Each structure stands twice: as C-alpha cells, then as structure tokens.
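Side chains included, hydrogens not; waters and symmetry mates left out as well; all remaining heavy atoms used. Keep in mind it's a predicted model, so treat the numbers as computed, not measured. Counting starts at 1 for both ligands and their atoms, in listed order.
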Amino acid sequence: MSGGRVLRLGVLGSGRGSNLEAIARAIDEGRLPAKLAAVLSDRPGARILELGQKSGARTGAIVPATPRGRLDAKTEGKFVDILREEDVEVVVLAGFMRIVGPVFLAAYPRRIINVHPSLLPKHRGSEAAAQALAAGDTVTGCTVHYVDQGVDTGEIIAQREVPVQPGDTAETLQARIQTAEHELLPAVIASFAGHE
Ligand code: GRF
C-alpha cells in the first residue's frame, strides 16, 4: 500500500455500475487507498451516475455525437477536461460501452484500465459470456487490462478464472464472472496505489 497516499480515481461506465459498487466497498472497508473523484457516463440515465453521487464523486454525462462505438475527439476532450479538473490519476472503464481514442490515451498513458468478462484474448467485444458458452468452454473468467485503441486488445494486467457450470445460461455465467470481477478490479487498482 501507499503509506497514506490516496489515489484519485475516475470511473467511466454506461450501465449498472456493480463494479463501481465493488470499488466503493473496497474503499469503505480500507482495502483500497483511493478516492472516487469522478464518475462519468455517456448515458445520462445510467445507474452508475446515481451510485457515483452517493459516493460523493463528481458525476456527469457527456453524450457523444454518435449513438455507439468510438468516441469522437471533441467528446474525448470533454471527458478528459473533467478528469483533469478533478486531478484524476487513474481512469477505470467499468462497463463503458465506448472505444476511447488518442485524446484519452495521450492524457492518461498506461493509466486507463478496463475490466472485461472473459479470459482475454478469448472472446473480445460484447456478449463475452455467450461467446464462451457457444465455444463450449469449461472455464472462462475476467481480465483487467490496459486500454489501447483496440477493442479489449490492451496489455493484460491480471485475470481470474471462473468455471462454466452445466446448465449455465449467458446470464448465470455473466453473474458468476461479475462476482470475480468485483474482487479482481479493486485489487488491481490497489496495486496501482501501491506503485505510485
Ligand atoms: C462488466 O461485466 C464488465 O466486464 C463489462 O461490462 C460489465 C459492467 O457491469 N465490461 P457493471 O456496470 O459494472 O455492473
């Protein structure tokens, strides 16, 4: 750990925010020396924003010009401006359904991480649990990796295996993977805090 140093986090998500909850819990329980400085979304109604507010983070939604896919440079700039205003040091993508580009990557080199519900490089993109079932995998898992300009292609930081059980649906498997994510992601962020 960092001997009293508190890492300022920015979390970006588009949905439910269960990984944000896991991060907030780890902070509350003293397992993660961090502060949620900003919680941002591309979707104004996303539950993750409500959770961010409850955690005392600055929250905001920035709606990109296009409905999905890669962020345009102008939108990236708006996200980065807020993160910088809040002195964010590490950016966590937790269910952020957008691809970040050069503006983001230049602002936070090797300081943007993503959590993905598969053992990368297997099953990139969306529907990773369904992909694992379709492939007949008996073991899948989750990955925390650095973000680059690709989709789930960046350098792998840590992974955790999760068994596929007979009768699993994409939903039951995804739920089991998320339980593993909720342990792995705060632990990886804590290691960042320790290395500062
Ligand atoms: C997680 O399963 C993550 O792996 C994927 O999106 C999901 C986000 O879930 N990238 P939540 O919003 O944190 O509940």
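Within the structure, ligand 1 has P117 among the residues with a heavy atom less than 4.0 angstrom away. Ligand 1 has Q174 within reach: a non-hydrogen atom of the residue lies less than 4.0 Å from it.
Taking every non-hydrogen atom of H116 and a distance limit under 4.0 Å, the qualifying atoms of ligand 1 come out as 4 (O). Close approach to V115 involves these atoms of ligand 1, each under 4.0 Å from a residue heavy atom: 3 (C), 4 (O), 5 (C), 10 (N).
The protein non-hydrogen atom at the shortest distance from atom 6 (O) of ligand 1 is G95 CA, 3.4 Å. Here the heavy atom of the protein found nearest to atom 14 (O) of ligand 1 is S18 OG, 2.6 Å. Scanning the protein heavy atoms around atom 12 (O) of ligand 1, the nearest turns out to be G17 N, 2.8 Å. Remark: minimum distance from atom 9 (O) of ligand 1 to any protein heavy atom is reached at Q178 NE2, 2.9 Å.
Listed for the E89 side chain is a donor-acceptor partner under 3.5 Å among the backbone atoms of R8.
Side-chain contact, R124 with Q131: no donor N or O sits under 3.5 Å from an acceptor N or O.
In this structure, R160 does not pair ionically with E181, as no charged nitrogen and carboxylate oxygen lie closer than 4.0 Å. One finds no salt bridge joining E21 and R16 here, because no Lys/Arg side-chain nitrogen approaches an Asp/Glu carboxylate oxygen to under 4.0 Å.
Contact annotation: for E181 versus ligand 1, heavy atoms closer than 4.0 Å belong to the side chain alone.
Note on I27 and I48: same hydrophobic cluster, where clusters join Ile, Leu, Val, Met, Phe, Trp and Tyr whose side-chain heavy atoms are under 4.5 Å apart, directly or indirectly.
Checked against ring pair (Phe, Tyr, Trp, His ring centres under 6.0 Å), F104 has no partners two or more places apart in sequence or in another chain.
Ring centroids of F79 and F96 are separated by less than 6.0 Å, placing the two rings close together.
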